[in-house]
Structures are given as structure tokens and as C-alpha cells.
Number of protein chains: 2
Amino acid sequence: MFVSSYDGWVNPRERRAARHQPPKPEAEANPRPRRRKAPITVEQVIDTALGVIATEGYEALTMRRLAGALDTGPASLYAHVVNKADLDELVIGRLCAELVLPEPDPAAWREQIRGVCTQIRDQYLKYPGISRAALAMAPTDLEIVRVSEGMLAILLAGGVAPQAAAWAIDALLLYVAAYCLEVSIMRQRSAHDDAAWVFDRDELLRRFTALPAETFPHTSRYAAELTAGEGHDRFDFTLNLMIDGLAHGQPG
Amino acid sequence: MFVSSYDGWVNPRERRAARHQPPKPEAEANPRPRRRKAPITVEQVIDTALGVIATEGYEALTMRRLAGALDTGPASLYAHVVNKADLDELVIGRLCAELVLPEPDPAAWREQIRGVCTQIRDQYLKYPGISRAALAMAPTDLEIVRVSEGMLAILLAGGVAPQAAAWAIDALLLYVAAYCLEVSIMRQRSAHDDAAWVFDRDELLRRFTALPAETFPHTSRYAAELTAGEGHDRFDFTLNLMIDGLAHGQPG
DNA sequence: TCTATATACGAACAGTGTTCGTGTCAAGTT
DNA sequence: AACTTGACACGAACACTGTTCGTATATAGA
């Protein structure tokens with residue numbers, strides 16, 4: 001059986017399957033670096049994809065635009081990537097690979113888990129809209145498992161029960177992705193959308209206070225609270241809510 | 001100024017703007033029911049859109065398919081709807097309108113808020129994938145404000161501080177939408193996707209236990225916990241986590 | 001040198017949201 | 001009763017999207 005000379009697999013389907021398998025113990029990588037003058041690499045594809053997302057947002061990451069950024073046509077990408085979904089998977093994997101996971105410290109598990117979530121948030125927001133892709137991701141990509149493993153280690157070290165820890169990781173990752181998706185949508189709208197679809201906080205506050213007090217008493221009364229939250233106050237609040245809930249459930 | 005004869009606005013843009021304004025006190029509806037034999041109504045559009053989503057999923061809700069279900073062309077829809085985003089807004093509004101909000105009972109606020117979230121979850125899952133649209137929604141649609149008002153009333157009656165209540169509502173709605181999106185994606189994949197992208201729990205468990213214990217010790221050790229959760233156990237867990245956190249923060 | 005083969009890529013297909021222009025038909029006015 | 005009016009319906013088209021097919025190319029091994 002013939003084996004390609006830059007990485008160990010012939011077509012991108014096999015490459016994708018390999019990414020989800022446990023890593024082979026005998027890892028002999030890149031036997032000979034390149035074959036032609038400028039062959040497009042998967043790494044190159046991921047890099048430019050992340051560049052497109054960082055500058056134009058995830059919605060702008062189309063196969064054609066990505067191919068254009070690589071000075072080629074869209075068909076060329078399919079030699080390196082199975083799918084658009086596969087490309088998303090690769091991009092999220094790269095993003096997860098850049099997260100640094102701390103050595104678990106039982107005394108500081110709250111700060112540590114908060115720190116990991118904050119890292120994920122900042123990474124998601126650095127690439128606006130990418131959390132949409134993260135929400136649709138299968139949890140078997142090795143880099144994602146690595147993050148999950150790191151979070152699990154922190155919570156277990158903190159004395160959280162295994163079942164609670166496992167479910168809490170799921171809840172945290174889900175919330176962080178949803179929060180970042182909302183923030184990205186808001187920012188994108190306020191950036192390049194024409195009026196009537198953009199609502200900044202002042203506009204929202206004005207609308208809530210203008211609601212009829214008979215049918216919406218609490219909304220108009222507490223409009224300030226509903227629209228409050230500088231920066232990531234809402235994010236911090238929710239994380240503390242969940243982490244405190246975890247700590248309270250355990251005698252740790 | 002001329003006024004159309006079936007509802008009070010000329011074009012769908014004005015209709016959309018009116019939906020986000022506080023309701024006019026003098027509401028005189030449908031002066032004369034219909035003008036032509038079978039004119040398409042906005043209500044009709046929303047109904048068939050929900051039908052399409054319920055049977056084929058949100059991804060199948062395209063303007064052309066919706067137009068086809070109404071026996072017309074896609075251009076005809078734009079007389080009733082500004083946008084695809086506007087259609088999504090209308091659909092979510094209808095969905096929210098069907099939620100029943102309980103009279104706040106200070107003694108039972110936990111069960112009440114849990115009940116509302118469960119209703120939203122079931123409504124989202126009844127229309128698979130629609131939570132994707134809900135995540136991108138502006139919070140000024142009157143039906144959404146109505147739900148938010150109802151949840152706020154429950155939490156305030158339960159003695160939760162206004163700021164905590166406001167942020168908790170946001171967190172809960174965000175989590176419910178994200179959870180339902182994930183569940184919908186999973187179900188859709190296991191329904192009509194070919195292999196290699198579908199992961200049921202057994203497959204997941206097998207993969208997690210097969211991971212090398214040196215690099216993924218906790219994941220392989222607690223694979224059962226990571227993949228556990230019959231029905232909506234994960235959902236219930238997270239809701240309890242947040243609600244308990246709210247209750248603990250307040251001396252109620 | 002010659003063949004084998006993985007890669008590159010132009011062209012095309014089916015699908016999407018959206019707009020333009022035109023035709024149609026009921027209501028209000030003369 | 002004839003006429004204007006203006007909202008609606010709708011065919012056709014545009015600019016996109018992801019994806020595939022077939023072919024050309026240039027290198028690795030014989």
C-alpha cells in the first residue's frame with residue numbers, strides 16, 4: 001500500500017479518522033518535508049482560516065474566501081479537508097491546542113477552573129463567531145478531549161464528585177460557547193449592520209423603561225438591572241453561580 | 001396616508017418595527033378579513049414555517065421550501081416578511097407566545113422557574129434546531145420580553161436580588177438554548193447521517209476508555225461518568241446547579 | 001527515461017437569500 | 001360605470017454557498 005510522503009495518510013478522510021483515534025505510540029512524523037515547491041499544507045489551511053476568522057469573522061469563512069486567501073480555487077481545499085465541518089473541527093482543534101491547562105492545585109480549584117473558562121472565552125472572542133462551530137462539535141477530537149481532561153483534573157482535585165464534575169464541565173463549556181456566540185453576534189451587528197437590528201445598552205434601556213407598566217411591571221421597574229453589565233460581568237456572575245453550586249454540593 | 005386593509009401597516013418593515021414597540025392602547029384589529037380569494041397571511045407563513053421545522057428541522061426552513069409549502073415562489077414571502085432573520089424572529093415569537101407563565105408563588109419559586117425552563121426546552125426540542133435561531137435573537141420582541149418578565153416575577157417573588165435575578169434569567173435562557181441546540185444536532189446526526197460523524201453513548205464510552213491512560217488518566221477512568229445521563233439528567237443537573245446557587249446567595 | 005500517483009484546479013451543479021420588474025386584482029374615487 | 005391606485009403575487013435573475021468531476025501537472029520510484 002502506497003503512503004504519501006508528507007504525512008502518513010493518503011486522503012483527508014483517513015486523516016480525520018486518525019485525529020479521533022488514540023495516538024499511536026510509535027509516532028514517526030514527517031519523513032520528508034515537502035514534495036513540490038509550494039504544496040498547500042493542512043497547517044497552512046488552518047492558519048489562514050484562523051486569519052480569515054480573526055479579521056472578518058466566522059461567517060466570512062467560506063471555502064471560496066479561504067481558497068482565495070491561499071491563491072487557489074475552492075476545489076483545491078478538498079485535497080486537505082474532508083468537509084466544511086472538517087475544517088471547522090480542525091480550526092477548533094487548533095484553538096483548543098493553544099489553551100494552557102494548569103497543574104491541578106486542590107486549594108485553588110475555583111480560580112483554576114475559572115481561569116480555563118476565561119481562556120476559552122477570550123480565545124472564542126478573538127475569533128468572532130467561531131463558538132457557533134464549537135457548539136456543533138463532536139467531543140472526540142483529541143484536542144478537545146485534552147481540554148476536558150484538564151478541567152476534569154482540576155475539579156476532581158478540588159474534591160468535586162466525579163459525576164458532578166463531568167456534568168459541570170459539559171455545562172460550563174456549553175455556557176461559555178453560548179455566551180461568546182451572543183457577544184460575537186452583538187459586536188458584529190453593531191459593527192457593520194444598518195439600523196433597526198442593532199441594540200446597544202442605552203437603546204435597550206430606553207425600550208424597557210418605555211414598556212407599559214401594567215403588563216410589564218418588573219421589566220420596566222428593573223430595566224437598569226436587566227441591561228446592566230460592563231465587560232464580562234454577566235459571564236463572571238454565571239461562572240460563579242455554577243462554581244459555587246459545585247462547591248456547595250461537596251463538603252470540600 | 002393610505003392604510004392596507006388587512007392589517008394596519010403597508011410593508012413588512014413597518015410590521016417588524018411595530019412588533020418591537022410597546023403595544024398601542026387602541027387596538028382595532030382586522031377591519032375587513034380578506035381582500036382577495038386566498039391572500040397569504042403572516043400568521044399562515046408562521047404556521048407553515050413551524051410545520052416545516054417540526055417535520056424536517058430548522059435547517060430545512062429555507063425561503064424556497066417555505067414558499068413551496070405555501071404553493072408559491074420565494075419572492076412572494078418578501079411581501080410579508082422582511083428577511084430570513086425576520087422570519088426567525090416571528091417563529092420564535094410564536095413559540096414564546098405558547099408558553100404558559102405561572103402566577104408567582106414565593107414558596108415554590110424554584111419549581112416554577114424550573115418549570116418555565118422545562119417548557120422552553122420542550123418547545124425548542126419540538127422544533128429541532130430552532131434554538132440556533134433563538135440564540136441570535138434580539139431581546140426586544142414583545143413575546144420574548146413577556147417570557148423574561150414572567151421569569152423575573154418568579155425570581156423576585158422568591159426573594160432573589162434584582163441584579164442576580166436579571167443576570168440569572170440571561171444565563172438560564174442561554175443555557176437552555178445551547179443545550180437544546182446540542183441535543184437537536186445529536187438527534188439529527190443520528191437520524192439521517194452516514195457514519196463517522198455520529199457518536200452514540202456506547203461509541204463515546206468505548207473511545208474514552210480506549211484512550212491511553214498516561215495522557216488521559218481521568219477521562220479513561222471516569223468515562224462512565226462523562227458519558228452518563230439518561231434523558232435530561234444533564235439538563236436537570238445544570239438547572240439545579242444554577243438555581244441552588246441563586247438560593248444560596250440569598251437568605252430566602 | 002518512463003510510469004504511477006498524489007496533488008492542483010477550472011468548470012460545473014444544486015442549493016441558498018434576496019431583488020427587480022411586471023402583471024393582477026380588489027378597493028376608493030370620480 | 002369607468003378609472004386610478006396601490007398592495008400583492010410571482011417569474012426571472014443575481015451573487016453567493018458547499019461540493020464534485022474530470023483533467024492537467026509535476027514529482028517519486030523503477
Side-chain angles (χ1 to χ4, degrees), chain A residues 1-15 31-42 44-45 49 52 56-89 132-133 136 193-194 197, chain B residues 1-15 31-42 44-45 49 52 56-89 133 136 194 197:
Chain A
M1 177 179 281
F2 184 79
V3 174
S4 160
S5 34
Y6 12 137
D7 41 16
W9 299 277
V10 176
N11 61 46
R13 304 198 99 89
E14 295 180 23
R15 277 200 280 263
R32 247 157 293 178
R34 62 190 67 121
R35 202 176 76 153
R36 199 178 296 188
K37 193 91 130 300
I40 298 174
T41 324
V42 187
Q44 215 177 335
V45 171
V52 170
E56 304 182 59
Y58 174 72
E59 306 238 310
L61 180 68
T62 69
M63 300 303 268
R64 282 180 167 78
R65 216 178 288 240
L66 177 57
L70 287 162
D71 278 321
T72 180
S76 305
L77 297 176
Y78 286 85
H80 307 275
V81 154
V82 183
N83 242 345
K84 177 82 197 313
D86 185 36
L87 176 65
D88 291 343
E89 221 170 65
R132 164 190 243 79
D193 242 4
D194 42 354
W197 252 278
Chain B
M1 179 179 279
F2 183 81
V3 174
S4 160
S5 33
Y6 13 136
D7 41 16
W9 299 278
V10 177
N11 61 46
R13 305 198 101 88
E14 296 180 21
R15 278 201 280 263
R32 248 156 292 180
R34 64 193 64 124
R35 203 175 76 152
R36 201 178 294 188
K37 194 89 131 304
I40 298 173
T41 323
V42 186
Q44 216 176 336
V45 171
V52 169
E56 304 182 60
Y58 173 73
E59 305 239 311
L61 180 68
T62 69
M63 300 302 268
R64 281 182 167 76
R65 217 179 287 241
L66 179 56
L70 287 162
D71 277 321
T72 179
S76 304
L77 296 176
Y78 286 85
H80 306 276
V81 155
V82 183
N83 242 345
K84 178 84 198 309
D86 185 37
L87 176 66
D88 291 343
E89 221 170 65
D194 42 355
W197 252 277

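All values below come from the heavy atoms of this structure, side chains included, with hydrogens, waters and symmetry mates left out. In what follows, chains are A, B, ... by sequence order, proteins preceding strands, each numbered from 1.
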Hey, does A:S76 reach any base, or is it just sugar-phosphate, or nothing, if we go heavy atoms under 4.0 Å? base
Any A:N83 side-chain nitrogen or oxygen under 4.0 Å from OP1 or OP2 of D:dT19: yes
Starting at atom CG of A:L70, determine the distance to atom C1' of C:dC9, rounded to an integer number of angstrom. 13 Å
For residues B:V81 and B:N83, report the shortest heavy-atom separation together with the two atoms involved. CG1-O, 2.8 Å
Between C1' of C:dG21 and OH of B:Y78, the distance in whole Å: 17 Å
Rounded to the Å, how far apart are B:H80 NE2 and D:dA7 P? 13 Å
Between CE of B:M63 and P of D:dA9 the distance, given in whole Å, is 13 Å
Please name all residues satisfying side chain to side chain contact (heavy atoms under 4.5 Å, CB included) with B:A60, sequence neighbours left out, ordered by chain then number. B:E56, B:R65
Distance in angstrom units between A:R65 CZ and D:dG18 C1', rounded: 14 Å
Starting at atom CG of A:L87, determine the distance to atom P of D:dG18, rounded to an integer number of angstrom. 9 Å
If the cut-off is 4.0 Å, is A:T72 near the phosphate of C:dC9, judged by side-chain N/O to OP1 or OP2? yes
Return the set of residues passing side chain to side chain contact (heavy atoms under 4.5 Å, CB included) with A:A49 (not counting sequence neighbours), or none when no residue passes. A:L61, A:L66, A:L87, A:V91
Under 3.5 Å, which N/O atoms of the protein pair with N/O atoms of nucleotides 12-14 of chain D?
residue	atom	partner	partner atom	Å
D:dA13	N6	B:R64	NH2	3.3

Let me know the distance between CG of B:D71 and P of D:dC8, rounded to the nearest Å. 20 Å
The side chain to side chain contact (heavy atoms under 4.5 Å, CB included) partners of B:A67 (sequence neighbours excluded) come to B:T72, B:P74, B:L77
Nearest whole angstrom, please: distance from the P of C:dT18 to the CG of B:L66. 12 Å
